[in-house]
Amino acid sequence: MKPELDTEKTIANMIEANTGKNLTPRETYIFKESLRALVRLAKSELLFEMKSNVAKLTGTATITAARQRAKAGQRGGLASDYSQWQ
């Protein structure tokens, strides 16, 4: 038996509180899936924000940018590629 998650309970409570029991099963399903999608979006935004904050605090973002610049310099960059076509 799978335990019911807090998110699922909250979504069910929100649907019942906002619409009562006047929805068809299809409308309930669509409303529930919309709320689940909103939860997933909020989680991904939070994770992205946390990762960017950690990168700022640890200096990882500047190291990564420096590596990318170094790789571009080794390849010759876009300027040298562009000049061959002139």
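These figures come from a predicted structure and were not determined experimentally. Scope of the values below: all heavy atoms of this structure, side chains included, with no hydrogens, waters or symmetry mates. In this chain, residues are counted from 1 in sequence order.
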>> Once side chain to side chain contact (heavy atoms under 4.5 Å, CB included) is applied, do any residues pair with Glu16, and if so which ones, sequence neighbours excluded?
In response: Lys21
>> How long is the straight-line distance from CG of Asn18 back to CG of Asn13, given to the nearest 0.5 Å?
In response: 10.5 Å
> How does the hydrophobic cluster around Met50 look, that is, which other residues are in it when side-chain heavy atoms under 4.5 Å mark a link?
Replying inline: Leu46
>> So, applying side-chain contact (heavy atoms from CB on, under 4.5 Å) with Lys51, which one of Leu47, Asn53, Val54 is it?
In response: Leu47
> So which pairs with a foot in residues 36-50 pass side-chain hydrogen bond (donor to acceptor under 3.5 Å, both in side chains), sequence neighbours left out?
Replying inline: Glu8-Arg36, Glu33-Arg36
> Of all residues at least two apart in sequence or in a different chain, which pass the side chain to side chain contact (heavy atoms under 4.5 Å, CB included) check with Thr7?
Replying inline: Ile11, Val39
>> Do Met14 and Phe31 land in one hydrophobic cluster if side-chain heavy atoms of ILVMFWY residues count as linked below 4.5 Å?
In response: yes
>> Please enumerate all residues that pass side chain to side chain contact (heavy atoms under 4.5 Å, CB included) together with Thr28, with sequence neighbours excluded.
In response: Ile15, Leu23
